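Please read the structure below before turning to the comments.
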Amino acid sequence: MIWNIPNLLTLFRIAAAGLYLFLALQGMWREAFWVFTVAAVTDLVDGAIARFFHQQTPVGAFLDPAADKLLMFFGFLTLAVARAIPLPLFFVVLARDLMITLGVLFLAVRKAPVVFKPLFLSKIATLAQILFLFGMLASSAGVSDTSSLFPSWVNFLSRLLPILGWVVGGLVTVTGIQYFQIGWRISKTHEKN
């Protein structure tokens with residue numbers, strides 16, 4: 001069934017990513033922060049529901065990482081435009097995601113079998129990116145200074161942001177290399193068949 005709860009949550013996340021982009025580009029960082037936070041939580045919820053209730057679908061397997069990439073891209077883009085993060089970090093994230101997207105398109109055009117299954121290290125990279133973006137957005141929104149909901153761990157995360165930025169850059173680079181190697185192997189195997 002295509003229209004199950006996990007897939008609907010994923011579609012919601014795609015729409016929320018668009019709303020986040022609009023709010024952040026308007027300089028409405030507090031509102032953008034909360035939209036980003038809700039969208040990130042839906043990523044955890046839709047995956048848990050899909051696994052627990054056995055509602056995984058091929059559509060969901062494609063849409064879920066696409067929604068993640070869109071939300072992350074908009075997060076990094078808006079923070080780069082606002083000069084809140086180093087531009088090299090934005091370009092590393094952008095380069096990896098473009099390489100993955102173009103690689104998948106290349107393999108699809110060649111009719112090579114492509115399975116949308118993220119690597120374990122890629123999941124860690126995604127988590128690191130979400131934590132980094134969450135901390136940067138909390139800082140941009142002033143949430144770490146004024147929020148009574150979770151000030152202690154947001155302040156702790158804010159202090160880790162310089163280190164976390166390097167971790168994100170490293171993980172994105174390593175997973176980019178891994179995905180390139182996987183794509184290369186798939187392409188070479190397909191050529192032989």
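Not measured: the values here are computed from a predicted model.
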Measure across [X] and [Y] and return the closest heavy-atom pair with its distance rounded to 0.1 Å.
X      : Y      : answer
Val172 : Val93  : CG1-CA, 3.9 Å
Ala112 : Ile186 : CB-CG2, 4.0 Å
Ala128 : Leu171 : CB-CD1, 3.9 Å
Gly169 : Val92  : O-CG1, 4.0 Å
Ala39  : Leu71  : CB-CD2, 3.7 Å
Ala24  : Ala32  : N-CB, 3.9 Å

- Between Arg83 and the options Leu87, Val81, Ile85, the side chain to side chain contact (heavy atoms under 4.5 Å, CB included) test singles out Leu87
- Could you point out which residue of Leu70, Asp64, Val45 forms a side chain to side chain contact (heavy atoms under 4.5 Å, CB included) with Arg13?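 Single side chain to side chain contact (heavy atoms under 4.5 Å, CB included) partner of Arg13 among Leu70, Asp64, Val45: Asp64.
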- Message: Using a 6.0 Å cut-off, check whether atom CG of Leu98 has over 12 heavy atoms from anything other than its own residue.
- Response: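 Atom CG in Leu98 is crowded, with more than 12 foreign heavy atoms closer than 6.0 Å.
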Would a hydrophobic clustering, with Ile, Leu, Val, Met, Phe, Trp and Tyr connected at side-chain separations under 4.5 Å, put [X] with [Y]?
X      : Y      : answer
Leu119 : Ile177 : no
Phe12  : Phe33  : no
Tyr179 : Leu102 : no
Val38  : Leu19  : no
Leu44  : Leu63  : no

- Ser187 side-chain N/O to Gly183 backbone N/O, donor-acceptor pair under 3.5 Å: no
Just verifying a value: how many Å separate [X] [atom1] and [Y] [atom2], rounded to the nearest 0.5 Å?
X      : Y      : atom1 : atom2 : answer
Leu9   : Asp43  : CG    : CG    : 10.0 Å
Lys69  : Thr126 : NZ    : OG1   : 4.5 Å
Gln129 : Ser122 : CD    : OG    : 8.0 Å
Met99  : Asp97  : CE    : CG    : 9.0 Å
Ile14  : Asp68  : CD1   : CG    : 9.5 Å
Leu25  : Leu21  : CG    : CG    : 4.5 Å

- Task: Any chance you could lay out the side chain to side chain contact (heavy atoms under 4.5 Å, CB included) test for Met72 and Ile130, step after step, and finish with the verdict?
- Result: CA-CA 7 Å; Met72 300 284 188; Ile130 288 173; 3.2 Å; yes
- Task: Taking the side chain as every heavy atom from C-beta outward, state whether Leu23 and Trp29 have any pair of such atoms under 4.5 Å apart.
- Result: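 Side chain of Leu23 against side chain of Trp29, heavy atoms only: no contact under 4.5 Å found.
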- Heavy-atom side-chain proximity of Leu89 to Trp166 below 4.5 angstrom: no
- Derivation and outcome, side chain to side chain contact (heavy atoms under 4.5 Å, CB included), residues Phe134 and Leu131: CA-CA 5 Å; Phe134 180 81; Leu131 287 173; 5.5 Å; no
- Determine the interplanar angle of the Phe76 and Phe132 rings, folded into 0 to 90°, and report it as parallel if under 30°, tilted if 30 to 60°, perpendicular if over 60°.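 Parallel: the ring planes of Phe76 and Phe132 meet at under 30°.
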- Task: Go through Phe73 and Phe90 one step at a time and tell me if the side chain to side chain contact (heavy atoms under 4.5 Å, CB included) criterion holds.
- Result: CA-CA 9 Å; Phe73 173 70; Phe90 168 70; 4.0 Å; yes
- Which residues satisfy the side-chain hydrogen bond (donor to acceptor under 3.5 Å, both in side chains) test with Thr173, sequence neighbours excluded?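 side-chain hydrogen bond (donor to acceptor under 3.5 Å, both in side chains) check on Thr173 returns nothing, list empty.
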- Do the ring centers of Phe74 and Phe36 come within less than 6.0 Å of each other? no
- Check against side chain to side chain contact (heavy atoms under 4.5 Å, CB included), Asn4 and Asn7: CA-CA 6 Å; Asn4 58 23; Asn7 289 349; 3.3 Å; yes
